[in-house]
Amino acid sequence: MEETDIHDALDVNSTATLAVTANQVKAELRRASANIPNHNDNIPNVVNYLSQKRIKWKHSHDKIMIVTKAKDYQLLRYTRGLAQWLITKSRFGKRYPFTVYVDGHLKDEKSFKYQELCEKNSIFKEKLQFWTPKLCHENPSMFHLIITLGGDGTVLFTSWLFQTIVPPVMSFHLGSLNFLAPFPYDHHKEELNDLFEGENGFRTTVRMRLSCTVYRVACQEEEKIQDMLLNEEKVAQHKKKHHPHEKMTSSVMLETAWMKKQLLQSGSNQEGLSKEERQYLKKAVPCYTTIPCETYEVLNELVVDRGPSSYMSMLELFGDERHLTTVQADGLVIATPTGSTAYSLSAHGSLTHPDIRATLVTPICPHTLSFRPMLLPETMSIRVVVPFGSSKSAYCSFDGRNRVELRSGDHVKITMSPYPFPTVCRTESSDDWFSSLQSSLQWNVRQRQSYVILESDKESKETDEKEKVSGTDNMLACLKEEHEDDNKSAAYDAQKDNDDGEIYTLTDEEDNDIDSEENHYQGIPMWGSDELKL
């Protein structure tokens with residue numbers, strides 16, 4: 001059977017296409033379609049296909065990227081050692097099988113000792129390269145595998161670097177939370193050997209991402225609408241003053257064509273209205289033009305909140321051009337199943353398996369308790385609008401980055417991204433997910449209560465005293481916490497015990513030199529906002 005290439009299979013521009021368009025949203029099937037050329041036509045969905053298929057590493061793939069957690073000095077050692085091992089470990093009949101790309105900040109960093117590596121072996125000048133956000137943005141398909149050293153934040157940063165095509169990501173957990181990093185670093189050589197040379201291949205979890213586009217209202221249109229609302233407010237105040245018993249129309253609610261459509265379709269909204277009010281509803285509602293400004297692909301969630309204002313935000317929520325509800329809350333979380341264990345979970349959202357294709361809508365401290373979290377189909381196009389009737393602006397962030405202000409009339413559109421995020425499974429998707437819940441959340445874990453029965457023997461006071469002491473120790477023993485060894489120390493010891501080559505093994509002199517610099521070195525610098533905006 002022909003081997004499946006995960007890199008080619010996820011290349012949206014060539015082999016596989018996941019397209020979620022407006023026409024598909026309106027279609028009767030109500031689902032995303034996928035097209036896989038040169039494969040069985042009976043495969044209905046590329047996501048399900050890739051999640052169930054075991055994939056073998058192709059020997060022609062030779063470019064690996066390492067993304068290291070910033071501001072962590074210990075991880076500098078692991079990055080240096082891992083890059084040396086990948087380059088110098090012979091495999092596939094090649095002496096130096098891989099070209100490894102590490103963070104561009106490390107090229108001139110003295111603690112990384114790039115020049116010393118090149119002096120020891122000139123092959124490092126060719127095989128050890130450096131990546132930048134610009135390189136990832138301009139040529140994402142050049143990499144065949146991404147290895148992350150850190151926690152969930154490092155994985156999210158990798159998603160931010162690759163806003164289009166994403167190579168498969170293998171994550172080793174060296175952070176505080178490890179929902180997205182199932183591999184322990186102290187067994188990294190065994191795991192990588194199995195990935196490259198294993199007979200059974202490896203599985204991936206093709207994680208859904210959200211495509212979020214910010215729309216700004218045109219300046220001229222905004223001025224016209226603001227003037228119109230101001231005039232209507234003056235008319236309303238005049239009528240209220242001179243005609244206090246006359247019913248007022250809800251003209252402030254008629255701000256968009258979407259809302260007018262819903263008001264006219266719903267007969268209950270017209271009950272109790274006078275003839276003049278019914279005629280007013282039939283009048284043309286002023287529409288305004290919005291311009292798409294920026295688009296981001298997010299792996300966890302988009303958050304729209306009240307920002308620095310002490311008042312709760314007022315937002316209008318639409319699904320497929322239908323007005324769903326008016327949100328009065330501290331904010332709104334629009335999350336993926338992957339993000340269900342992040343901010344959405346803190347806002348009492350549901351835990352959702354990453355293989356489920358759905359969009360999670362979770363309010364943050366809603367004003368009405370009846371507004372509960374909900375799951376919407378992935379094909380539904382969601383819009384979050386800041387109405388002109390809102391007195392304050394809202395603020396929007398994408399996976400915790402690029403926080404922008406949404407003013408009156410602005411909105412953000414959320415659809416399923418055509419660029420999924422594939423992660424390598426340690427076993428398979430469900431096992432990895434439930435294991436992460438149990439380890440990171442202590443999910444459904446309760447500490448068993450211990451009972452100690454102390455019996456007194458009148459004939460032997462000495463025995464009684466011994467039993468009391470022993471019983472006390474046993475009773476306190478159940479409350480003692482078990483301390484686990486530090487993962488990083490174990491990983492570093494395993495790294496020093498490696499026997500794959502002299503270049504990879506750190507000498508005592510090098511180890512002491514790195515330790516002496518630890519006090520003044522703070523780890524890999526973070527990429528600035530200007531460098532990430534391309």
- [ ] With side chain to side chain contact (heavy atoms under 4.5 Å, CB included) as the test, would you mind laying out the steps for Glu378 and Ile356 before giving the verdict?
- [x] CA-CA 9 Å; Glu378 84 278 11; Ile356 295 176; over 6 Å; no
Task: Trace of the side-chain hydrogen bond (donor to acceptor under 3.5 Å, both in side chains) decision for Asn402 with Tyr296 - done: CA-CA 9 Å; Asn402 278 38; Tyr296 303 103; 2.9 Å; yes
TODO: For the pair Ser171 and Thr148, evaluate side-chain hydrogen bond (donor to acceptor under 3.5 Å, both in side chains) and give the outcome as yes or no after the intermediate values.
DONE: CA-CA 5 Å; Ser171 302; Thr148 66; 3.0 Å; yes
TODO: Might you work through the side-chain hydrogen bond (donor to acceptor under 3.5 Å, both in side chains) test for Glu316 and His323, ending with a clear yes or no?
DONE: CA-CA 7 Å; Glu316 301 296 345; His323 182 247; 2.6 Å; yes
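Annotation: side chain of Leu351 is in contact with side chain of Leu437 (closest heavy-atom distance under 4.5 Å). Side chains of Val384 and Ile414 form a contact here, defined as non-hydrogen atoms less than 4.5 Å apart. The shortest side-chain heavy-atom distance between Val155 and Phe421 falls under the 4.5 Å cut-off.
In this structure, His353 places its NE2 atom where more than 12 heavy-atom neighbours from other residues, nucleotides or ligands lie under 6.0 Å away.
For the residue pair Asp432/Thr427, the side-chain donor-acceptor check at 3.5 Å is satisfied. Using modelled atom types, one finds no donor on one side chain facing an acceptor on the other under 3.5 Å when comparing Ser381 with Thr415. A donor-acceptor contact closer than 3.5 angstrom is absent between the side chains of Ser417 and Ser211. Ser159 and Arg209 are linked by a side-chain donor-acceptor pair at a separation below 3.5 angstrom, with hydrogens and angles left out of the test.
Cation-pi geometry between Arg91 and Trp85 is met: the NZ or CZ atom falls under 6.0 Å from the ring centre, inside 45° of the normal.
For the atom pair CH2 of Trp131 and CD1 of Ile146, the computed distance is 9.5 Å after rounding to the nearest 0.5 Å.
In this view, Ser397 and Val303, Arg403 satisfy the side chain to side chain contact (heavy atoms under 4.5 Å, CB included) rule, not counting sequence neighbours. In this structure Thr132 satisfies the side-chain hydrogen bond (donor to acceptor under 3.5 Å, both in side chains) test with no other residue, sequence neighbours excluded. With sequence neighbours excluded, the residues forming a ring-ring contact (aromatic ring centres under 6.0 Å, His included) with His59 are Phe92, listed by chain and number.
Residue Asp399 forms a side-chain contact (heavy atoms from CB on, under 4.5 Å) with just one option from Leu302, Leu299, Leu210, and that option is Leu299.
Using a 4.0 Å cut-off between a side-chain N of Lys or Arg and a carboxylate O of Asp or Glu, Glu199 and Lys56 do not qualify as a salt bridge.
Ring centers of Phe196 and Phe98: under 6.0 Å apart, within the cut-off. Centroid-to-centroid, the aromatic rings of Tyr101 and Phe130 stay 6.0 Å apart or farther.
Using cut-offs of 30° and 60° on the angle between ring planes, the pair Trp57 and His61 is perpendicular. In this structure, Phe183 and Phe172 have tilted ring planes: the angle between them lies in the 30° to 60° band.
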